[in-house]
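Report on the structure given below.
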Protein chains: 2
Amino acid sequence: MSEPERRASGDRGKSTAEKPRLDRQRILEAGAEFIEQFGPRHLTMRRLGTELGVEAMSLYRYIPSRENLLDGIVEVVIDELYQDPEVYAEPRHGWQDYLLRLAHGLRRLALAHPQVFPLIATRPTEAPWVRPPLRSLRWVESFLKALTSAGFSNQAAVDAYRAFSSFLLGHLLLEVAALGADVGPVDDVEPRPPRSTDLDDYPLLQRLQERLSEDRSEQEFEEALESLLDRLEALQN
Amino acid sequence: MSEPERRASGDRGKSTAEKPRLDRQRILEAGAEFIEQFGPRHLTMRRLGTELGVEAMSLYRYIPSRENLLDGIVEVVIDELYQDPEVYAEPRHGWQDYLLRLAHGLRRLALAHPQVFPLIATRPTEAPWVRPPLRSLRWVESFLKALTSAGFSNQAAVDAYRAFSSFLLGHLLLEVAALGADVGPVDDVEPRPPRSTDLDDYPLLQRLQERLSEDRSEQEFEEALESLLDRLEALQN
DNA sequence: ATGCTTAGCTTACATCGTAAGCCAATCCGA
DNA sequence: TCGGATTGGCTTACGATGTAAGCTAAGCAT
C-alpha cells in the first residue's frame, strides 16, 4: 500500500535488490547457515522461510520436501571439500599424501560445520555402498583411483575405503559431539529406496560395484580391532 | 458397561491379567521393541500408547517426555551388555582379552538391535566425557580399571578409552547403517545441560575426571590416522 | 461410610510438514 | 500495444505430533 513498489524498476534483480529473489541454491545456503546457528532440530520450513523473508510454502517451489532440503544442505556443505585447495589437487605425493589431505580436509570441514556434520555422517547415502562421511560418488571414485593407481588391488582399495570411512566417522562424529553439536538423532529418515544411480561418469565405481557391495564387516571389524589393540599395547607402561 | 469388570478380582495383577498394568520398565521395553520393528521415526507417544493398550497421555505418568523415553530405551538396551556372560566376567585374561570381549559384546548388541543402536551411538551422554557407544559411567569405570590395573598410566588408559570409542562408533554405526537401519538423524536433541553427576560410586572416574575432560582430539586424530595409514600400507601390492 | 490417592482418560493447544488453490506481476507473441 | 499464459509467492487448510491441564473412577486407609 504505502510502500512505493518494491523490487522496483525494470533492472532485473542484479542491482541493489534487498530481496534478491528465491532460488534453490540460496535456500540451501540459508539452511546450512541456519543449522550451524541453531542446530538442525530448529530448522523448520516456516522458520527458514522467515529467515529468507518469505512464507514457508514459497520454499516448496524450489524444494520438494524437508527431507530433500536436508539432503541439499548436506551436499552444499560437502561441496566445500572440492573448493579446499589443500585437498583438491591431484595426488602429487603418493597415496599417503592423498589420504592425509583428505582426512585433514574432512576434519576441517567437520570443525567448520559442527552442526551440519552429524547430518553428513548419518543421513542415508545415494547408494548403500557409499559410506559417510566421504559420501559423494565423485569422492569415492577419486579415492579408489588414487589407491588403485598406487598399486593397490581392487579389493585392497575397497577395504581401504571402508577402513578410512569408519575411522573418519568415529573420530569426527565424536569430536563434533564434544563441541556440543546436535549429534543425536537429528532427524529421522526412512531408508531410501536405492535410487539406481547412473555410474556412467565413474568407471571405477562401475567396475568395482560388486566388490563394494559385498559384506565384509566381520573381517573389517576384526582387523581394525586387532590393529587397535596393537596400537594400545604401545601405550602400556 | 457390558464387560464384566476387567482386571478383576482382588488377586493383584500377578495372575492372567491381559492388561498387566503400566510401569516405566514395561513402557521402555515396549518402546525398544517398537523401534526395532518400525524404526525410531515411527515411535510416537500415541502409537506406543496403543501398542500398550493405553492412551498416549497415560504414558506421561511414568515418563516425563519423549526425549526421556528415548533415553530410557537406550539405557534398557545398553543394560543387556551387563547380562552378556561373554562380556561380564572380570578380566580374567588380561586387558586385551577384556577389550576383545567388550568389543564383541558391543558388536553383538548392535547387530541384535540395529534400529536402536544409532540412538545409542548418537544420543547425548550424561557427561560430556562419556562417549558413545560405551556410554554408561559403569562401563567407563570398568574400562579404566581394567587398563590401569594392567599397567596403563592414567593418561594412557584415558587415551585408550577414547580410541576404543571412536573405533566402535565408526565401525558399528556404519555396519548397522548398511543393514538399513535408520541411522540418519533419528531425532534431534538439545545439547543437554551437563547434569552434574554423582561420582561417589566411581572412584576412578572421580580421580580421572579432569583428564577425561581434556581435549586431545587433535593428537588422537593424528595418531589414529597414522596408524591407519600404516595398516593400509600392508594392503598395498 | 468418607475422604484421599492413584492410574488412566479427555480435551485442548501450539507447532509441524505440506496439499491445494489463489492472485498479482511479469513475459511474450500478435 | 495488448491480452493471454506463466511465474513466484501467498493464503488457507488439514492431519499428525508432543504435551499441559484437568477429570474421573476405582481402590485404599481411616
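All chains are named by letter (A, B, ...) in the order of the sequence lines, taking the proteins before the strands, and each is independently numbered beginning at 1.
The salt bridge (charged side-chain N to carboxylate O under 4.0 Å, His left out) contacts involving residues 102-119 of chain B comprise Glu218(A)-Arg107(B), Asp84(B)-Arg108(B), Arg107(B)-Glu175(B), where partners must be two or more places apart or lie in separate chains. Residue pairs meeting the salt bridge (charged side-chain N to carboxylate O under 4.0 Å, His left out) criterion with at least one partner in residues 162-172 of chain A, sequence neighbours excluded, are Arg162(A)-Glu220(A). Applying the side chain to side chain donor-acceptor pair (under 3.5 Å) test to every pair with at least one member in residues 51-60 of chain B, sequence neighbours left out, gives no pairs at all.
The distance between atom CE of Met45(A) and atom P of dG15(D), rounded to the nearest whole Å, is 21 Å. At whole-Å resolution of the value, CG in Leu43(B) and P in dG18(D) are 8 Å apart. Look at CZ on Arg26(A): it is 13 Å from C1' on dG8(D), rounded to the nearest Å. The interatomic distance linking Arg41(A) (CZ) with dG17(C) (P) rounds to 12 Å, in whole Å. Atom CD of Glu55(A) is separated from atom P of dC23(C) by 17 Å (rounded to the nearest Å).
Comparing the local axis fitted to the first five base pairs of the helix from dA1(C)-dT30(D) to dG29(C)-dC2(D) with the one fitted to its last five gives a bend of 10°, rounded to 10°.
In terms of the salt bridge (charged side-chain N to carboxylate O under 4.0 Å, His left out) criterion, Arg46(B) has no residue partners (sequence neighbours excluded).
Residues of residues 56-65 of chain B that place a heavy atom closer than 4.0 Å to DNA chain D, in numerical order, are Met57(B), Tyr60(B), Ser65(B).
On a pure distance criterion of 3.5 Å, a polar donor-acceptor pair joins the side chain of Arg46(A) and the base of dG17(C).
Across His113(A) and Val77(A), no two heavy atoms sit closer than the pair CD2-CG1, 3.6 Å.
Both tests do not hold together for Arg47(B) against Phe34(B): distance to the six-membered ring centre under 6.0 Å, angle to the ring axis within 45°.
For the pairing with Leu48(A), the side-chain contact (heavy atoms from CB on, under 4.5 Å) check across Val54(A), Ile27(A), Ile35(A) returns one residue only, Ile27(A).
Taking the side chain as every heavy atom from C-beta outward, Thr125(B) and Arg131(B) never approach each other to under 4.5 Å.
For Arg47(B), a side-chain nitrogen or oxygen approaches OP1 or OP2 of dT17(D) to under 4.0 Å.
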